[in-house]
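Here the structure is laid out as structure tokens; the discussion comes afterwards.
Order of the sequence lines sets the chain letters (A, B, ...), proteins ahead of strands, with each chain counted from 1.
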Amino acid sequence: MIATPDRTPLTREFFDRPVLEVAPDLLGRILVRSTPDGPIALRLTEVEAYDGPNDPGSHAYRGRTARNDVMFGPPGHVYVYFTYGMWFCMNLVCGPKGESSAVLLRAGEIIEGAELTRKRRLSARSDKELAKGPARLATALDVDRALNGTDACSDGDAPLRVLAGTAAAPDQVLNGPRTGVAGDGGVHPWRFWIANDPTVSPYRAHVPRRRRS
DNA sequence: CGTTCGATACTCT
DNA sequence: GAGTATCGAACGA
């Protein structure tokens, strides 16, 4: 039988651990986005760990800036960044305050409010694609810069919360190289996903782009 | 389902 | 100025 997902929020202590512990433990958890039209719930199926100052792939690698400021704050908060001129991606800050580690939320399954996400994800060829990729996930949940720095551990009517859900069994969690990270030729296998889940995004190696002349 | 190509504007050098 | 923690359109199978 399938256990009923636990709808209690994850605590700040959950996120106040090494990011490589937190990242796989987030799989199967439930992200709830409160919108004026109603809640959207997503079961996390794919994440990536970014290990603060020790990780050349991390936005925090070269120190604190206006963009990555939230990463240096308390755990359990939302870090949103803008990339490729068009897209937002969302992370959850981990580790003790000041460590600047975070988990990128890469993909998930919409389990509630799918009708609300379809209006923003018109290009999705099926519901499996609604949140298949980090920018698609953010678009589906209507996440943008306005949510940067918000607390995902607060209860009540916070715009974003993370609930306990049903953690993926450890033997169902696979890991491999991170997607699209410059210079990370499999050195850091810090992408984690649920085995055989149809909502996991395809792996893409990093491709440097040059501007047209 | 897969591949290829290029749009886009922000961040840091 | 250069690079980017990506995606969608178009096309083929």
Side-chain angles (χ1 to χ4, degrees), chain A residues 19-20 22-24 26-27 31 42 44-72 77-95 99-108 110 117-149 152 174-193 196-213:
Chain A
V19 67
L20 292 177
V22 176
L26 277 170
L27 296 174
L31 192 61
L42 172 140
L44 286 168
T45 59
E46 181 190 352
V47 299
E48 275 175 6
Y50 287 85
D51 191 12
N54 312 310
D55 178 2
S58 170
H59 285 175
Y61 182 59
R62 289 173 181 83
R64 193 170 189 163
T65 65
R67 175 175 67 157
N68 65 24
D69 190 58
V70 172
M71 295 179 85
F72 290 80
H77 286 235
V78 180
Y79 168 51
V80 180
Y81 67 87
F82 184 76
T83 194
Y84 286 102
M86 284 174 264
W87 310 109
F88 294 99
C89 295
M90 72 173 288
N91 302 250
L92 295 169
V93 177
C94 294
E99 190 186 287
S100 68
S101 296
V103 177
L104 171 67
L105 307 184
R106 287 197 55 89
I110 304 291
T117 76
R118 288 188 200 109
K119 291 190 281 191
R120 288 188 273 284
R121 293 279 302 111
L122 294 177
S123 67
R125 293 188 275 196
S126 78
D127 279 5
K128 288 181 298 211
E129 292 186 352
L130 286 172
K132 189 180 202 159
R136 291 167 170 180
L137 184 154
T139 302
L141 298 185
D142 198 19
V143 169
D144 63 15
R145 218 187 296 285
L147 294 188
N148 189 38
L174 301 182
N175 69 293
R178 294 179 295 187
T179 305
V181 177
D184 184 46
V187 180
H188 297 310
W190 293 346
R191 173 179 175 243
F192 301 89
W193 66 93
N196 301 121
D197 192 290
T199 64
V200 172
S201 69
Y203 172 71
R204 296 186 201 290
H206 173 73
V207 180
R209 310 298 306 201
R210 230 197 108 162
R211 194 185 207 109
R212 287 192 56 191
S213 55

Specify the closest pair of heavy atoms between [X] and [Y], including all atoms of both residues, with the distance to one decimal.
X       : Y        : answer
A/Pro56 : A/Asn54  : CD-O, 3.6 Å
A/Val19 : A/Ser101 : CB-CB, 3.8 Å
A/Cys94 : A/Val103 : SG-CG2, 3.6 Å
A/Ala23 : A/Val47  : O-CG2, 3.3 Å

Between protein and nucleotides 6-13 of chain C, map the contacts as a letter string: B base, S sugar-phosphate only, - none, heavy atoms under 4.0 Å, written 5' to 3'. BSSS----

Can you confirm whether A/Leu31 sits close enough to A/Met90 that some side-chain heavy atom of one is under 4.5 Å from a side-chain heavy atom of the other?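 Side chain of A/Leu31 against side chain of A/Met90, heavy atoms only: contact under 4.5 Å found.
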
Describe the nucleic acid contact of [X] in one word from base, sugar-phosphate, nothing, applying a heavy-atom distance below 4.0 Å.
X        : result
A/Ala182 : sugar-phosphate
A/Thr139 : nothing
A/Asp184 : nothing

Report yes or no: is the ring centroid of A/Phe82 under 5.5 Å from the six-membered base ring centroid of B/dA9, with the two planes under 30 degrees?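 Not stacked: fails the 5.5 Å / 30° test.
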
For the base of C/dA5, is there a side-chain donor-acceptor partner from A/His206 under 3.5 Å away?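 Between C/dA5 and A/His206, which were checked side chain against base, a qualifying N/O pair under 3.5 Å is absent.
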
Assigned partner base of C/dA5, Watson-Crick or wobble definition, under 3.5 Å: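 Partner of C/dA5: none.
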
Please give the nucleotide sitting opposite B/dT8 as a Watson-Crick or G-U wobble pair, both distances under 3.5 Å, or none.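 Pairing partner: none.
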
Can you identify which nucleotide, out of B/dC1, B/dT11, C/dA5, has its nearest atom closest to the A/Arg67 side chain?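 Taking heavy atoms from C-beta onward, the closest nucleotide is B/dT11.
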
May I ask you to decide if the ring planes of A/Trp190 and A/His188 are parallel, tilted or perpendicular, using 30° and 60° as cut-offs?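 Ring orientation, 0 to 90° scale: parallel.
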
Name of the residue among A/Asn91, A/Thr45, A/Leu92 meeting side chain to side chain contact (heavy atoms under 4.5 Å, CB included) with A/Leu105: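 Only one option passes, and that is A/Leu92.
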
On DNA chain B, check which nucleotide each of A/Ser126 and A/Arg145 is closest to and give me the residue with the more 5' one.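 Checking each residue's closest nucleotide, the 5'-ward one belongs to A/Ser126.
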
Could you tell me how far apart [X] ([atom1]) and [N] ([atom2]) are, to the nearest whole angstrom?
X        : N     : atom1 : atom2 : answer
A/His59  : C/dG3 : NE2   : C1'   : 11 Å
A/Tyr61  : C/dG3 : OH    : C1'   : 17 Å
A/Arg62  : C/dG3 : CZ    : C1'   : 11 Å
A/Tyr203 : B/dT3 : OH    : C1'   : 17 Å

